[in-house]
2 protein chains.
Amino acid sequence: MSDAALWTALADPHRRAIVALLLERPRPVGEIAEACGLSQPSASKHLKVLREAGLVRVSQDAQRRVHALDPAPIAALDAWLEPYRRLWNRSLDALGRRLDETPADT
Amino acid sequence: MSDAALWTALADPHRRAIVALLLERPRPVGEIAEACGLSQPSASKHLKVLREAGLVRVSQDAQRRVHALDPAPIAALDAWLEPYRRLWNRSLDALGRRLDETPADT
DNA sequence: TTTGTGCATTCCTTGACGGGTATATAACTG
DNA sequence: CAGTTATATACCCGTCAAGGAATGCACAAA
């Protein structure tokens, strides 16, 4: 669940697809594999990475392992993003001021 | 500046360090290399990745290439994060309700 | 024009990652 | 128990990314 694991987990497009899929609702491995066009082993491995990053939680239902999104690590990303968001907002403000102060000549 | 390039760029710890460094102020390559404990070529290559992801802009100052953070792509990350943040907030709300409705027995 | 500085690029090697196949494990079914 | 379903793991292989050393290139100073 280290910060690095989180970034690594989300760096892969397939894993982001899985995460997006789980945003809808929890799903068993097979369903995830099919929906993402992955082989079952591949899906299992990606889910393992997501699990180790804390992004996903498993609950067992008979033979199925239902994976659900755990939103907690998202907060970490959000926190990381915070200082940059500040910068971004400052940029927008500056742009806004420039637009305000410029006579409308077009 | 594709979404994938952005994730790939930020997936590397060294590159996140560079980005954090540039949050302070723009810097020439050599300074970045030293601050991050990177060789000059390595720093150049990482900066190239960041540039191609749109995270960094260069301005030339004599022989120096001063790199500055461009916060625009951050907005893309923020947008990506949005639906998960919703989920996260719902979780907090649910927790809050549970705490409210539970008699304080501790 | 020669010399020096700052940076980019190339080549090479190595290690990590992802995909596929085959196999192991666990749980249900009869 | 044997057989089937759902998933995990092991192994192999191809690819790709990162680091280091050496080199190329642009600009500046003398």
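From a predicted model like this one, the values you see are computed outputs, not experimental measurements.
- Using a 4.0 Å cutoff on non-hydrogen atoms, the parts of residues 12-39 of chain A near DNA chain D are P28(A), V29(A), G30(A), ordered by number.
- The distance from the CD1 atom of I18(A) to the CG atom of L21(A) is 8.0 Å, given to the nearest 0.5 Å.
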Take R27(B) and E34(B), measure what salt bridge (charged side-chain N to carboxylate O under 4.0 Å, His left out) needs, and give me the verdict at the end. CA-CA 11 Å; R27(B) 298 171 195 256; E34(B) 194 195 0; over 6 Å; no
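- Remark: the Q60(A) side chain and the dA27(C) base include no donor-acceptor N/O pair separated by less than 3.5 Å.
- The hydrophobic cluster containing L69(A) also contains V29(A), counting ILVMFWY residues as joined when their side-chain heavy atoms lie under 4.5 angstrom apart, directly or transitively.
- The shortest distance between the side-chain N/O atoms of R51(A) and the OP1/OP2 oxygens of dA8(D) is below 4.0 Å.
- Interatomic distance, R51(B) CZ to K48(B) NZ, rounded to the nearest 0.5 Å: 7.5 Å.
- For DNA chain C, the stems formed by at least three consecutive Watson-Crick or G-U pairs, with both atom-pair distances below 3.5 Å, span C:1-30 with D:1-30.
- Atoms CD1 and OG, from I32(B) and S42(B) in turn, are 12.0 Å apart once rounded to the nearest 0.5 Å.
- Two residues, K45(A) and Q63(A), neighbour DNA chain D, and the one matched to the more 5' nucleotide by heavy-atom proximity is Q63(A).
- Counting any heavy atom pair closer than 4.0 Å across all strands shown, S44(A) reaches a base atom.
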Test log, rule side chain to side chain contact (heavy atoms under 4.5 Å, CB included), inputs W7(B) and D12(A): CA-CA 8 Å; W7(B) 283 105; D12(A) 185 82; over 6 Å; no
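- Annotation for L22(A) and H67(A): closest pair CD2-O, 3.5 Å, computed over non-hydrogen atoms.
- Considering only side-chain N and O atoms, H46(A) lies under 4.0 angstrom from the phosphate OP1 or OP2 of dG19(C).
- Evaluation of atom-type donor-acceptor distances gives no pair under 3.5 Å for the side chain of Q40(A) against the base of dA6(D).
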